[in-house]
Amino acid sequence: MTLTSPHLDSSAGWTDARLLYALEEVVEKELNRHLKVVKDWMPHEYVPWSDGRNFPGFFEDGEAWDPSQSKVTDIGKTALVVNLLTEDNLPSYHHEIASLFGRDGAWGTWVHRWTAEEGRHGIVMRDYLLASRAVDPDKLEQFRMSHMSEGFESDNRHSMLHSVAYVAFQELATRISHRNTGHQSGDPVCDRMLARIALDENLHMIFYRNLLKAALEIAPDLAMQAVRDVVVDFRMPGHGIPGFERAAAQMAIGEIYNMRIHHDDVLEPVIRHLKVLEISGLGPDGLRAQEELGLFMNGLDTEAAKFDAKLAARKARMAARAAG
């Protein structure tokens, strides 16, 4: 990699503008790689249109939604609504990254390409949910209006490096959430659809992970602090969804997304791949951030073990009740 800006240690001299310029070459390389491996797909091909029928309203033959019409498990319904409402806020996400990364050059091309690919996810999920009558359509629309009316402001909008670090983890978290939702949905059609979405999310994660790798090379102290901050304060972008905390608790118990999954399948793979805890030659600020990150990961693993024990005990109680 040929750096377009000199290596600067600590925070001296680095601004968002200089970092954007320094990483432009990496963005172009990763964009070209992404466009070579990504495969276009048609959202309408994943929707069971033959299951669809009119809802009440303008149609005299409209049939009201009833829970018995859904093929999806209860935990699947909860997770699908959370996942879709998260995807629905794409206009806000586009505004955030376009404001941070710009609309020109390789950065701008990536921003628009990413937005176009993410747009498919909300389209196919909503079409699936309505055609298959998986969830209450009225409540879904009410949730959408409430959630999108609030908009979205990233916790990391103050810093380009923090934003890059965040999406490197968040794209993987979204992939895991979609994939596990499919597994737990009870509907092979839903599972297949979410598996297709998860492939996109994985490629997005790789793009941002490779960009974070380059940032750790040219501005190691600042990038290390960004990784530390993002990991310690990580929140999913759907945290503003109405009833999110209750839904998140249900998804944790249902093993779609919980503390153990977050540690083992999201944080640890990215940190290990980038060898974040093994980087040497850091300044005082970077070294402190690295040490604090290691301590946090150890603490999270301990907390995840406690959650695992509680979940196992809960499963045992439920099995005993079912047997008795």
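Since the structure is predicted, the reported quantities are computational estimates derived from the model, not experimental observations. All residue numbers refer to positions in the sequence shown, counting from 1.
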With a 6.0 Å cut-off on the ring centroids, do Trp114 and Phe207 count as close?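 That pair fails the under 6.0 Å test.
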
Ring centre gap for Trp110 and Phe101 strictly below 6.0 Å: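 Judged by ring-centre distance (under 6.0 Å), Trp110 and Phe101 do not meet the cut-off.
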
Can you tell me if [X] has over 12 outside heavy atoms packed within less than 6.0 Å of its [atom1]?
| X | atom1 | answer |
| --- | --- | --- |
| Glu63 | CD | yes |
| Asp104 | CG | no |
| Glu28 | CD | no |
| Arg53 | CZ | yes |

Looking at [X] and [Y], what are the two nearest heavy atoms and their distance?
| X | Y | value |
| --- | --- | --- |
| Ala247 | Val82 | CB-CG2, 3.7 Å |
| Val111 | Thr115 | O-OG1, 2.8 Å |
| Ala106 | Glu24 | N-OE2, 2.8 Å |
| Tyr93 | Thr86 | OH-O, 2.6 Å |
| Val26 | Asn210 | CG1-O, 4.4 Å |
| Val276 | Gln290 | O-NE2, 2.9 Å |

With rounding to the nearest 0.5 angstrom, report the [atom1] to [atom2] distance, [X] to [Y].
| X | Y | atom1 | atom2 | answer |
| --- | --- | --- | --- | --- |
| Met193 | Glu45 | CE | CD | 14.5 Å |
| Trp107 | Leu20 | CH2 | CG | 5.5 Å |
| Arg133 | Asp51 | CZ | CG | 10.5 Å |
| Trp65 | Lys139 | CH2 | NZ | 7.5 Å |
| Leu129 | Met125 | CG | CE | 6.0 Å |
| Leu194 | Asn180 | CG | CG | 10.5 Å |

Side chains of [X] and [Y], heavy atoms from C-beta outward: is any pair under 4.5 Å?
| X | Y | value |
| --- | --- | --- |
| Tyr257 | Val266 | yes |
| Asp233 | Asp155 | no |
| Ile218 | Leu23 | yes |
| His94 | His112 | yes |
| His263 | Arg260 | yes |
| His34 | Val38 | yes |
| Asp301 | Met297 | no |
| Val135 | Val72 | no |

Salt-bridge present ([X], [Y]; N to O < 4.0 Å):
| X | Y | value |
| --- | --- | --- |
| Arg126 | Asp88 | yes |
| Glu141 | Arg144 | yes |
| Lys315 | Asp308 | no |
| Arg175 | Glu171 | no |
| Glu25 | Lys29 | no |
| Asp285 | Arg228 | no |

Return yes if some donor-acceptor pair links the side-chain N/O of [X] with the main-chain N/O of [Y] below 3.5 Å, else return no.
| X | Y | result |
| --- | --- | --- |
| Glu30 | Tyr208 | no |
| Asp16 | Met160 | yes |
| Asn202 | Ala198 | no |
| Gln69 | Ala64 | yes |
| Ser177 | Thr174 | no |
| Glu96 | Ser92 | no |

Evaluate the side chain to side chain contact (heavy atoms under 4.5 Å, CB included) criterion for residues Glu117 and Leu203: first the C-alpha distance (whole Å), next the side-chain angles of each, then the deciding distance (0.1 Å), finally the verdict. CA-CA 11 Å; Glu117 292 182 9; Leu203 290 178; 5.9 Å; no

Run the side chain to side chain contact (heavy atoms under 4.5 Å, CB included) check on Ser132 and Val189 step by step: do they pass? CA-CA 10 Å; Ser132 67; Val189 175; over 6 Å; no

Do [X] and [Y] sit in one hydrophobic cluster, given that two such residues count as connected whenever their side-chain heavy atoms are within less than 4.5 Å of each other, even indirectly?
| X | Y | answer |
| --- | --- | --- |
| Phe143 | Leu130 | no |
| Phe296 | Leu172 | yes |
| Met236 | Ile253 | no |
| Tyr128 | Leu199 | no |
| Val232 | Leu295 | no |

Please report the C-alpha distance between Ser68 and Asp66 in whole Å, then the side-chain angles of each, then the deciding distance to 0.1 Å, and finally whether the side-chain hydrogen bond (donor to acceptor under 3.5 Å, both in side chains) criterion is met. CA-CA 5 Å; Ser68 64; Asp66 185 271; 2.5 Å; yes

Hey, can you tell me if His178 and His121 have their rings parallel, tilted or perpendicular (30° and 60° cut-offs)? perpendicular

Under the rule for side-chain contact (heavy atoms from CB on, under 4.5 Å), what residues qualify as partners of Asp127, not counting sequence neighbours?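 For Asp127, the residues satisfying side-chain contact (heavy atoms from CB on, under 4.5 Å) (neighbours in sequence not counted) are Val47, Trp49, Ile123.
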
Evaluation steps, side chain to side chain contact (heavy atoms under 4.5 Å, CB included), between Asp221 and Gln225: CA-CA 6 Å; Asp221 288 334; Gln225 291 173 75; 4.3 Å; yes

Phe234/Tyr166 under ring pair (Phe, Tyr, Trp, His ring centres under 6.0 Å): CA gap, chis, key distance, verdict: CA-CA 8 Å; Phe234 186 88; Tyr166 175 74; 5.2 Å; yes

Quick one, Val167 with Ile97, criterion side chain to side chain contact (heavy atoms under 4.5 Å, CB included). Give me CA distance, side-chain angles, the key distance, then yes/no. CA-CA 10 Å; Val167 288; Ile97 66 170; 5.5 Å; no

Pair Asp191-Lys71, salt bridge (charged side-chain N to carboxylate O under 4.0 Å, His left out): steps then yes or no: CA-CA 12 Å; Asp191 190 22; Lys71 301 176 183 178; over 6 Å; no

